[in-house]
Amino acid sequence: MVKIFVTIALLALSSNLHAEAGGPDYWQVTGIDAGDELNMRRGPSVQFGISHKLAHDTAKLLNLGCYPDFSIGEWEQLSAKERKLSSDMRWCRVMFKGQTGWIFARYLQED
């Protein structure tokens with residue numbers, strides 16, 4: 001499992017940092033209890049250090065793109081197992097108050 005995360009992280013850092021963002025213009029934090037904070041990381045994995053902590057109700061996170069990212073055609077060609085795996089491993093790069101970092105997509109919803 002660690003190898004998968006490292007592979008995704010390296011691919012994301014080498015090819016996706018300058019990708020155009022698909023999806024919404026802005027995200028907001030979701031799924032975090034009041035009073036808790038969400039870690040924004042330096043890369044797309046828990047293996048990367050924390051660059052910033054976000055409040056449970058943070059909004060207006062600028063969407064800089066997510067990884068992995070598939071076109072509709074590519075997504076339709078994936079098996080159910082591949083779709084689940086890619087969703088479970090999806091990270092989004094965001095900017096908030098001049099800070100950029102990565103957030104696990106499960107904790108983001110369109111703002």
Side-chain angles (χ1 to χ4, degrees):
M1 185 64 111
V2 172
K3 287 182 182 179
I4 293 172
F5 284 119
V6 171
T7 300
I8 287 176
L10 291 174
L11 287 171
L13 290 174
S14 65
S15 65
N16 197 44
L17 289 180
H18 303 290
E20 292 182 23
D25 292 336
Y26 292 94
W27 298 109
Q28 67 181 35
V29 172
T30 188
I32 302 294
D33 291 334
D36 285 348
E37 295 177 314
L38 178 63
N39 295 329
M40 185 164 66
R41 297 193 173 267
R42 291 187 176 95
S45 164
V46 295
Q47 303 294 323
F48 288 89
I50 298 167
S51 62
H52 195 70
K53 292 196 175 260
L54 303 173
H56 73 280
D57 59 351
T58 301
K60 298 299 178 196
L61 297 160
L62 180 63
N63 179 12
L64 299 177
C66 296
Y67 187 83
D69 191 22
F70 299 99
S71 70
I72 292 173
E74 292 169 328
W75 182 257
E76 290 173 347
Q77 292 179 18
L78 296 177
S79 69
K81 184 177 180 180
E82 290 169 326
R83 289 180 186 184
K84 169 124 177 56
L85 181 60
S86 66
S87 295
D88 288 347
M89 298 172 61
R90 188 173 173 86
W91 287 78
C92 296
R93 188 165 181 248
V94 300
M95 180 182 287
F96 181 69
K97 294 186 177 179
Q99 300 281 327
T100 59
W102 292 83
I103 297 177
F104 191 51
R106 179 179 302 160
Y107 298 106
L108 297 173
Q109 69 180 23
E110 186 171 352
D111 188 10

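Because only heavy atoms are used, hydrogens play no part in the values below, and waters and symmetry mates are left out as well, while side chains stay in. We count residues from 1, following the sequence as given.
Every side chain to side chain contact (heavy atoms under 4.5 Å, CB included) that Ile50 has, sequence neighbours left out, goes to Asn39, Arg41, Lys53. Residues forming a side chain to side chain contact (heavy atoms under 4.5 Å, CB included) with Glu76 (at least two apart in sequence, or on another chain): Ile72, Arg83. Residues that satisfy the side chain to side chain contact (heavy atoms under 4.5 Å, CB included) test with Thr100, not counting sequence neighbours, are Leu64, Arg93, Met95. When the side chain to side chain contact (heavy atoms under 4.5 Å, CB included) test is applied to Tyr26, the partners found at least two apart in sequence or on another chain are Lys60, Leu62, Asp111. Evaluation of the side chain to side chain donor-acceptor pair (under 3.5 Å) rule for Glu110 yields no partner, not counting sequence neighbours. Applying the side chain to side chain donor-acceptor pair (under 3.5 Å) test to Glu74 and every residue at least two apart in sequence or in another chain returns Ser71. Lys84 is linked by a salt bridge (Lys or Arg N to Asp or Glu O under 4.0 Å) to Asp88, counting only residues two or more places apart in sequence or in another chain.
Judged purely by atom type and a 3.5 angstrom limit, Arg90 has no side-chain atom pairing as donor or acceptor with the backbone of Tyr67.
Closest non-hydrogen pair, Tyr107 versus Gly31, comes out as CE2-O, 4.0 Å. In terms of heavy-atom proximity, Gln77 sits nearest to Glu82 at O-OE1, 4.4 Å. Closest heavy-atom contact between Ala59 and Phe96: O-CE1, 3.4 Å.
The hydrophobic cluster containing Phe70, built from Ile/Leu/Val/Met/Phe/Trp/Tyr side-chain heavy atoms closer than 4.5 Å, also comprises Trp75, Leu78.
A distance of 4.0 Å separates CE of Met40 from OG of Ser51, quoted to the nearest 0.5 Å. With rounding to the nearest 0.5 angstrom, the CG atom of Leu38 is 7.0 Å from the CG atom of Leu108. The distance from atom CD of Glu37 to atom CD1 of Ile32, rounded to the nearest 0.5 Å, is 10.0 Å.
Applying the disulfide (SG to SG under 2.5 Å) test to pairs two or more places apart or on separate chains, those with a residue in residues 79-111 are Cys66-Cys92. Under the disulfide (SG to SG under 2.5 Å) criterion, no residue pair touches residues 24-63, with sequence neighbours excluded.
Just one of Val29, Leu61, Asn63, Thr58 meets the side-chain contact (heavy atoms from CB on, under 4.5 Å) condition when paired with Val94; it is Leu61.
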